[in-house]
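Take a look at the structure set out below.
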Amino acid sequence: MPGQAPGVRIDGLTVVYKTPAGELPAVRDVALTLEPGTITGIVGESGSGKSTLALSLLNAVQPPGRIAAGSVDIDGLGDVVGLRGEELRKARGKHVGYVFQAAQNSLNPLKTVGKQVLDLGRSHGVEDLRGLVRDARELLGRMGLDGARVLDSHQHELSGGMRQRVGIMLALVLNAHLVVLDEPTTALDMITQANILKIVREVHAERGLTTLVITHDIGVVAEVADRLAVMYGGRLVEQGPTRQVLGDPRHPYTKGLIRAIPRLTGDIAEARALPGRPPTLTTVPERGCVFRDRCELRMDVCDTDDPAAVAHGDRIVACHAVKVREHA
Amino acid sequence: MTVIARRLAGHLARGIVMILVVATISFFIVRNIPGDPVAARYQKLLEQGMSPEAAERATAVMYGFLPEGTLWQQYTDYMAGLFRFDLGVSVTHPGSPVTSVLGEAAKWTVLPVLAGTLLSFLVGVIMGVYAAIKRSGKLGDFLAISGSLLHGVPQYVLALLMGAIFTTLIPILPQGGTADILFEPGFNAGYIGSLIEHATLPVVTYALASYGGWILAMKSSVVTVLGDDFILAAELRGMRRSIIFRYVARNAILPLFTILALSLGLLFGGAIFIEKIFNYPGLGFLLIDSVVNRDYALMGGAFLLITAAIIVANILADLFYTVIDPRVRSGEEASA
Amino acid sequence: ACSGSGTPTNQSSSGGGGGGLFTTIDVNRPGIDASGPANPYNPKGNSFLGYNAMKLAWVKNHLTDPNQFYPGIAESWEIAPDNSAITIKLQPNNKWSDGKPVTAEDVRLSIGIAYTQGSTAFAITPGAAGAAADVEVVDDKTVKVTQDMTNPSSKFARGVLDTFVAPAHIWGSVLPADFWDKLKASRGEGADAEKAREEITALGEKIITFAPEKDVSAGPFILERVNPGEALLVKNKEFYNAANVAPDQVKFLNYTGNEQIWNYLISGKLDHAGFTAAPADVMNRIKQAPGTNIIKGFSPVAVGMAFNQTKKPYDNVHVRRGLAYLIDRAEVTKVASPEGGNAAVTTSGIHQKPAQEWLGAELNSLEPYNPDPAKAEEEFKQAGLQKKDGKWALADGSPWKVTMTAPSGFSDWISAQENIKGQLVEAGVDAEVVTVADYPLYLEEIAAGKYDVGFWLIALGPAPYDIYQRLYGASNGWTNVAGKIKHAEPGKSGNWMGGAEKVEVDGTEINPGELTGKLNSVSAEEAKPIMLQLAKAANQDLPVIQLWDYVNTQFTNTSRFTGFPEQESDLLRLPAGVWIQLGMVKKTP
Amino acid sequence: MSSAILETTSTAATMRRNFWRGVWRVMKRKPSRLVGAVIVLGFTFMGVFGPMFYPEVLPRDTSQLYAPMSAEHWFGTDGQGRDVLAQVITGSRYVLLSALVTAVITVVLGTAIGLFSGFKRGRWDTVLMRLTDMKLTIPGLPLLLVLSTVWSFGSALEMGLLLGLLGWGGVARAVRSQTLSLRERGFIEAARGLGLSTTHIVGKELLPSMAPYIAMNMLIAVTGAVYAQVGLFFLGVLPYEADNWGVMLNLSVFGGGALTTTAALPYMLAPLLAILLLTLGIVLVVDAMDEIFNPRLREE
Amino acid sequence: MITGEGIVKTFKQRGNVLGAREVRALRGVDFAIPKGGAASFIGESGCGKTTLGRIIAGLETYDEGELTLDGVPMSSLKPKQRQPHFRKIQLIHQDPYSALNPTRTIHQTLNAPLTLRAKQTGRSKAWIEERAAEVLSMVGLDPGSVLARYPHQLSGGMRQRVVIARALTVDPEMLVADEAVSMIDVSLRLGILALLKDLRERLGVAVLFITHDVATSRYIGDDGELYVIYRGQVVERGPVDTVIADPVHPYTQSLLSAIPVLHGLERPGEQPVTPVESMEAGQDESGCLFAPRCPFRGERCADERPLLQVTEGIPQEHACFYPERRSVVARPMSEV
Ligand SMILES: Nc1ncnc2c1ncn2[C@@H]1O[C@H](COP(=O)(O)OP(=O)(O)OP(=O)(O)O)[C@@H](O)[C@H]1O
Ligand SMILES: Nc1ncnc2c1ncn2[C@@H]1O[C@H](COP(=O)(O)OP(=O)(O)OP(=O)(O)O)[C@@H](O)[C@H]1O
Ligand SMILES: [Mg+2]
Ligand SMILES: [Mg+2]
């Protein structure tokens, strides 16, 4: 069924958290488009605002945070930011599936997986609950698990990798076509990670999904994503097709980040750490470029003006220096 | 289910050992108590105008109810009696076996304590959920502080205040007793009504006294559960509020069962004040009475019964926990 | 529940035929025990004196004569002039509540039971004063009891008539068939007698625990049911004077603390209540309750501040006198027992009222010990005490502190001691109040001589022997064994007061213990001079400082019933059940 | 060289100063905490200096028995005509002193046993925890009642000692579980790896991390002790002390009829209010404990 | 020089009443780390890396085998005597936050071991201050700004440096870095790795690096050895680059195949190996531990356990009956 995969357009999204120092933005003026049927990856270091952005897609930023501005337009749903109450609840799960980080517990410890599937079905008014359970079993089987056994299990009886697959199943069982995966493989070991990533890719293709993968591990996005967006200090500093961004990073942060990846092969001397340290909510400068403190290309204008995200062909980069060079 | 059976066996073994130890302790404490129950009665008779010789003779018969033999003999007799549920005879209730006196009193403790606990548990748990949800607001603050205060305030303070208000300032509730004797006991409106009327003050005071604890425990439990990822996950899966509420409630209430058992123990302790202040003829009252009258057998028995009740409550709570928490049931979690 | 006439009262009175419900408490027995048997011998039994528990006769509250009675099971009695025998005639048409007549057999059985329980007249101790020698059933309604004249007591008749009567057809089984033989054996000497005595005492236990299936009473009421808070009695139609018994039902309210009684009284719930100490404000509220009356009468009890004369400086009579001059007894009484006591006019060892009877004008010759700091100082100086920086110290200069002990829970005593402490401290005598956990412990420790100063009940009349036995009895060294008085050294055999064995009164040396022992058998006229001597001894020697005389204060409420005894009535120490059975109490029109 | 030493001492001093500044910040964050601190300090002052303001034997006025509240007698007088407020104040010393003793014993014993048990683990742990379980199961108040018949807890210290000996179970249990969890934390392991002594590890690493916990328990123990001993005196099973709060309650209710008429009501209310206030103060202060001892929360 | 021979460690989990569950964490591990050398342990989660690291650091006991430090076999010593030896080996924890006491400033944290050391060597107080500053400078921190701070006031990278500095206060001969960079921000990871390498070079401290990120193991020095561990057994061992470039054990090959490919920078290896999933497959103890998951298993694998060995034409040691080089790792694009 082509055309089921929805497109998503995020525009001007700003999310703030209330802190003793006032409301501080964790995501600032982010614009991002998820093309239907693609896998988009977002990378960023701890605290860069990835999870906050992901939650915004379901209008689920947890207090003391709130979406301060912007829109998240999802095909077939409209602007999620405007949704409230039942409408919003129905959208979650049915339209947008959300997969939690693996090691954390996204399952009710007191109920079997099967019962939670039923709860999900009841919540969304599914009439054919048997059918739903069957679907769940098939999905699990598809991901290489013994569906019947897993449905009969409690959370504590499943391993990390299995839980993660159950999470993916729960995100998909209601036929959501937009799936958000927040750190899907963190805390899993390499082999399990590879398996999960494989499953993500396959399920994405089979079911015709629009997928957003969020991670701090560039390797993960590089492995699965078609498009890649890099976050830093609450801003999207660069985005574009994965291969292009990795092969030819434009933004100085992206460059530095890629250079800082330890490599399995090649000259180890090429890899270098980025000086300085990533900002936190309280240390993000209020005005100007968030990266300037660690930037080699820092200019005066960086202190005063936020660099706008500018499209360069398929790529969008938010850097004064890049602009300057391009124009020069 | 074998886990339950195994746990039960372990608990029972430990419980029995506990009871034996407590029985031994209470036996030796109680036998070391100075003061003579017979002398007390003697003097009482004198005050009633009996002549000294007559009073002496009249009290001599009471010696028959005091235990005989060496301390060790008394001890073995006592322990042997324990297995036959025979705790000896009471001196102040001459001729009545301690067990029957305790049984009569226990009726009047168990019912109000259970009613009070249930009442406060229900209200406290609901308010605790509220306090957790509104924790950043004024209402939440108020609920939490009032909870801590009620939790911190001794029961007798509450009981005295309740007593002062409802029997002195606005005398609408009876002070003491269990039911009006004019009503034929049984299932008739008058008798039940009278029972309730007499139990109101103790029950409400029990409830008030433990309510603070519940609200605090429930609040912190709910806050913890609300912070758990699976709740956010359920929300993000679009689960109904009612279902999420159930998730929260079930997970949050679970740890409260352990506290429930402990609090039953505390209530039995607290029953002493409440029963004393409201003249309610329960176990606590009996205990004070036996202490004041130096009724060894009764004192030891009451103490033992109160302790045993706590042990049993603990066992029940743990079993209940085992039944409803799959993690414990499957033996994953080592006992905390 | 706030008013006495709630719904339940109305409900049942409609069935009762207009007699109504009489609500009361038994002040002598706090804590109704729902599981207690209807057994008058059981201290927690649900047998209420004068209501469903009957005695042969009821002892009058007389100032001096212990042998005056109101009829009970007995209609009349004849006492031999030398107290050697009493012949009792039973009520001619009295029946048990199950319809069986009350007979001399019932009385004989009850006397048998009385032996097992220990009683004054029916004692198995050989040589006990005032013990019966023989019981003889003269006919169906007549019993004759004779006294063993080897150690006679003037209170013999009282001992006999003050006996519970239980129905033989219900209780018969409690005594073995050979009981009377055993009793005979027990009155002798030797091992056999000893064994018999033991067996009889052992029977006592069985009797105490005896629980009749159903209450069978020869009194005006029968027990209907009990719960832990209340007991209900209903009228016994077979009672000889049933026609004159007004209430149809009697309700006993439980109480476990005085404050409960106060509440009952303030809400006008009780038709009658025995005395309970109450603070002034509470008393006022009680008086305000509609229909409330307070009847006062004689109560043969007084309280004294007793000294342990083995302890310094209390061995010195001047110290005791000095203290007596310092303590304002009126103030003490006002604080501690404003309604229930009258400040003692002096220390005579006798309650003020009988003192006038016994001593007459001589009473005024006693030193009244009115508060007088100057005299106190003089006495202290005589005792060799020194005054340093305004504080009295012992002769050797070491500090002196009057340590008074009281059992906790005795709020009037503690209040009194607190007050005395204040008075003494003001006068430069250091003082403190110490309490012990409870009364049994207090008794044990005071008898062991652990306290310097404690409170002690005295003047327990009306029998003259009983009055002085508290001052010159076992606690002061004199024991009465089979009519022989012996004196023990201070600190031995319960002699904690430690007073001198002989004192000089009016120039003659007397032995107060022996004199007291004599009081047991002498006639009233013979007793008078002895009483005077003893009063003088107590007054000058001050083994105790008499603080106040208790007053028997009773509360009644005339809203529902009238016809209660008058002020100072000799009925006042008897339970209201006796008033009712005598036909006094009537429904308020 | 010497300047370096000087520097260290001054850093220590600054740190201490910073600590107190942090405490002040924490207290200021919520006005309720300040109120709590003022109440607790007030009671401390009362306990230490209060009795000095009154003569050893309070003056009595027999014309004013159970006098109502007035400007002269804020909480009226008792049955001896003595000022009630004065009794509450002079009586606070006994109550607070024994509560303090209880708290110290509870906390010291509980912490020591909990630490030992959690740190040593193994057989000692099992034995100690069985003991603790048993202690926790035996109900405190009934046991106290029974004990009161054998021991009359004469002085405040004795009272505190006994309550303390009976009260350490909960603290031991809690400290043990804290120790067990802290033990697994990297910094304890690191300290062991560095060869630091057990004294250092326990004293400098473990205890400070548990400080809020211990402080909280200490304060709760104070209320618990006040509760228990006033309760015992109230029940009248303990020997009487003229101006003890519990005795005041007992006398007002069972002697003065505070639950019957209004005359003795102030006499009862005064100690009740004192207990309520003290509890409130402690509850409010406890609220700040976590933040005071956690440098992160303190500095923010 | 630190060597281990046949180290075995079995954990007995205190399960329920009926018997304990055994976990065989290490099944006879041999290793040798020369003075100033470098070694890396890699392997899946739960394979026993941490356990081994803790044994080497003296924080855990072992059941069989022998650990030799500088020629002294540890089993010959009493626990007390081992301590000074183990002090030469310092563990760097994975989580730099929990490794620092949150209630102590960096100054206090460093002072404690330094004071001890000063006492042992009779040095002055001033030396302590100096040395604290020195070790901080060594790890690239500015003593002036760091000393007075609490851990929470530092970033993850700085905290990890403080942890290393603290280890340096006792002049260790070896650092055991257990996943020392996995919780550090990506952009800073290399900094810590470079620091470790630098310490090796400057101070001659040996480094034992435990990780599941194979790539990082290259960064502590190219002379390092790589130990690949599977279920408590070393299955392949050799110079880092050799093992990465030419792994011969199917397990090593699976691990390396599982590393995500940076498409755009790299191209995938030609012969990726995907293991059969699920480790649960049989705890059979006789054959090759990896056999149940091995796509290349042969006949011998089922009944015989291969031991670490050197075979013809293969530079590294391995524990496989059918060793075969496969090109599994991704290659940089630039190499094309
Ligand atoms: N509840 C909250 N209150 C205050 N600040 C918050 C809250 N949640 C997140 N933040 C802040 O918002 C910023 C972004 O957080 P977010 O969780 O989106 O980051 P992230 O990129 O997902 O990080 P990580 O990789 O650690 O998950 C961080 O600086 C964080 O400190
Ligand atoms: N204290 C312990 N008690 C019981 N089992 C343990 C204990 N420590 C480790 N184990 C078990 O020993 C095995 C090896 O654990 P270890 O922590 O050494 O693995 P690891 O390789 O470090 O894993 P990871 O990569 O997840 O850190 C695991 O199965 C683990 O469950
Ligand atoms: Mg995140
Ligand atoms: Mg590990």
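All values reported here derive from a predicted model rather than from experimental measurement.
- Residue B:Ile243 touches chain A through its side chain alone, counting heavy-atom pairs closer than 4.5 Å.
- Heavy atoms of A:Leu58 lying under 4.5 Å from chain B belong exclusively to its side chain.
- Residues forming a ring pair (Phe, Tyr, Trp, His ring centres under 6.0 Å) with A:Tyr17 (at least two apart in sequence, or on another chain): none.
- Residue A:Glu86 does not touch chain B at all, counting heavy-atom pairs closer than 4.5 Å.
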Would you be so kind as to tabulate the donor-acceptor pairs closer than 3.5 Å made by side chains of residues 245-257 of chain B, with sequence neighbours excluded?
unit_1   : atom_1 : unit_2   : atom_2 : d
B:Tyr247 : OH     : A:Asp119 : OD2    : 2.6
B:Asn251 : ND2    : A:Asn108 : OD1    : 2.9
B:Asn251 : ND2    : B:Tyr247 : O      : 2.9

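- To the nearest 0.5 angstrom, A:Arg66 atom CZ is 10.0 Å from A:Thr14 atom OG1.
- For A:Leu88, no part lies under 4.5 angstrom from a heavy atom of chain B.
- With contacts defined as side-chain heavy-atom distances shorter than 4.5 Å, the pair B:Ser148/B:Leu216 qualifies.
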